[in-house]
Amino acid sequence: MRCCEVRGRVCVAEEIAFLVSRGIPVMGHVGLMPQHFNQLGGYKCQGKTDSSRQHIKDGAKAVCEAGAFCVVLECVSASLAAELTQELPVPTIGIGASNACDGQILVIDDMLGQSSRYPKFVKRFADLEQTIKDAVVDYVREVKCGEFPGDLRNASTGSCNALTIEFDATGCCGYEPHYGSK
Ligand SMILES: Nc1nc(=O)c2c([nH]1)NC[C@@H]1CN(c3ccc(C(=O)N[C@@H](CCC(=O)O)C(=O)O)cc3)CN21
Ligand SMILES: CC(C)C(=O)C(=O)O
């Protein structure tokens with residue numbers, strides 16, 4: 001789905017209502033907003049005090065009243081996420097905000113293990129960084145010792161490259177590499 005995400009609380013309700021009135025679906029976003037890193041004092045869990053908790057709740061409600069179709073909760077406490085998920089009329093999508101939310105976000109580079117820094121809530125479901133490093137180290141080693149490219153990987157003699165790609169049923173756009181003699 002194509003939509004627009006608007007980050008902020010009560011102060012962005014007017015902008016959300018404007019976009020929604022023109023037919024643009026808007027996703028709200030409360031809690032940690034990385035764009036407000038300086039005002040928030042870092043990438044910290046939000047809603048720890050009663051007043052900031054209330055502030056986030058008021059904001060999330062205003063965002064819904066303005067017409068957002070869902071609200072992202074970023075790094076809010078589990079109990080606040082549970083309350084908002086109960087109280088808001090639209091689905092909540094959490095990131096670092098517990099499993100109380102209706103849906104979840106995880107940055108793809110984080111879950112695949114390809115980021116340079118990891119927020120503490122991330123689970124790495126794969127370690128692509130290590131996989132890529134291992135592949136590159138193997139490649140460099142094989143090039144240095146002459147193992148790659150061997151005869152089999154040589155375009156003019158190789159047999160394993162006997163590849164034909166046809167882009168449509170008639171083959172008129174087919175790509176047929178020329179192997180063998182030049
Ligand atoms: N790759 C990536 N993944 C993300 O999820 C992400 C970004 N980048 N960039 C923008 C924000 C920043 N995010 C973060 C980053 C770190 C924490 C984190 O671990 N915070 C610590 C406290 C850090 C502090 O005190 O300064 C915590 O205990 O919650 C949380 C959210 C989430 N977002
Ligand atoms: C939802 C998260 C990943 C995000 O967009 C951000 O923190 O900037």
Side-chain angles (χ1 to χ4, degrees), residues 1-20 23-142:
M1 169 185 199
R2 288 177 191 222
C3 68
C4 170
E5 197 207 47
V6 178
R7 296 179 172 199
R9 301 191 283 251
V10 178
C11 63
V12 297
E14 212 178 305
E15 283 81 358
I16 293 177
F18 177 85
L19 292 167
V20 172
I24 298 170
V26 174
M27 175 187 274
H29 186 128
V30 299
L32 175 61
M33 291 172 280
Q35 295 69 20
H36 297 225
F37 180 91
N38 295 316
Q39 291 118 297
L40 298 174
Y43 293 141
K44 292 181 180 149
C45 180
Q46 302 295 302
K48 283 189 169 162
T49 64
D50 285 349
S51 75
S52 88
R53 205 179 161 92
Q54 196 53 50
H55 214 54
I56 292 172
K57 275 191 162 192
D58 293 344
K61 284 177 186 161
V63 159
C64 292
E65 274 159 26
F69 70 91
C70 73
V71 181
V72 173
L73 306 180
E74 181 163 352
C75 298
V76 302
S77 66
S79 66
L80 179 55
E83 282 181 31
L84 286 170
T85 302
Q86 279 291 313
E87 291 169 17
L88 296 181
V90 298
T92 58
I93 318 290
I95 172 161
S98 88
N99 58 5
C101 301
D102 295 305
Q104 294 291 327
I105 298 172
L106 200 52
V107 171
I108 191 85
D109 285 357
D110 294 347
M111 66 173 288
L112 297 180
Q114 261 196 305
S115 290
S116 46
R117 294 180 60 192
Y118 294 89
K120 93 178 190 187
F121 55 79
V122 167
K123 175 174 175 182
R124 296 181 217 182
F125 287 85
D127 190 354
L128 287 199
E129 186 178 349
Q130 196 54 50
T131 304
I132 291 168
K133 278 183 185 158
D134 291 347
V136 173
V137 166
D138 283 353
Y139 167 72
V140 170
R141 185 181 45 76
E142 289 197 16

How many angstroms lie between CG in L73 and CG in L88, if you round to the nearest 0.5 Å?
-> 7.0 Å

In this structure, SG of C75 is separated from CG of L80 (nearest 0.5 Å) by 12.0 Å

Qualifying ring-ring contact (aromatic ring centres under 6.0 Å, His included) pairs, either residue in residues 41-61, two or more places apart | F37-Y43

All ring pair (Phe, Tyr, Trp, His ring centres under 6.0 Å) counterparts of Y139, not counting sequence neighbours =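 Only F148 meet the ring pair (Phe, Tyr, Trp, His ring centres under 6.0 Å) criterion with Y139.
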
Is it true that E65 and K61 have a side-chain N and a carboxylate O under 4.0 angstrom from each other?
->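 Salt bridge between E65 and K61, a charged N being under 4.0 Å from a carboxylate O: no.
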
Q39 atom CD: more than 12 heavy-atom contacts under 6.0 Å =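 Counting neighbours around CD of Q39, more than 12 heavy atoms of other residues, nucleotides or ligands fall under 6.0 Å, so yes.
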
Can you see which heavy atom on V90 is nearest to which on F69, and at what distance?
-> CB-O, 3.4 Å

Closest approach of I93 to C70 (non-hydrogen atoms, all atoms of both residues) | CG1-SG, 4.1 Å

Between T49 (side chain) and S52 (backbone), is there a donor-acceptor pair under 3.5 Å?
->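 Checking the backbone N and O of S52 against the side chain of T49, a donor-acceptor pair under 3.5 Å is found.
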
Any donor-acceptor pair under 3.5 Å linking the side chain of K48 with the backbone of C45?
->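 No, the answer is negative, given that no donor and acceptor are paired below the 3.5 Å cut-off.
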
Do you see a donor-acceptor pair shorter than 3.5 Å between the side chains of R124 and S115?
-> no

Looking at Q46, R7, H29, which hits side chain to side chain donor-acceptor pair (under 3.5 Å) with E74?
-> H29

Can you name the residues that form a salt bridge (charged side-chain N to carboxylate O under 4.0 Å, His left out) with D138, not counting sequence neighbours?
-> R141

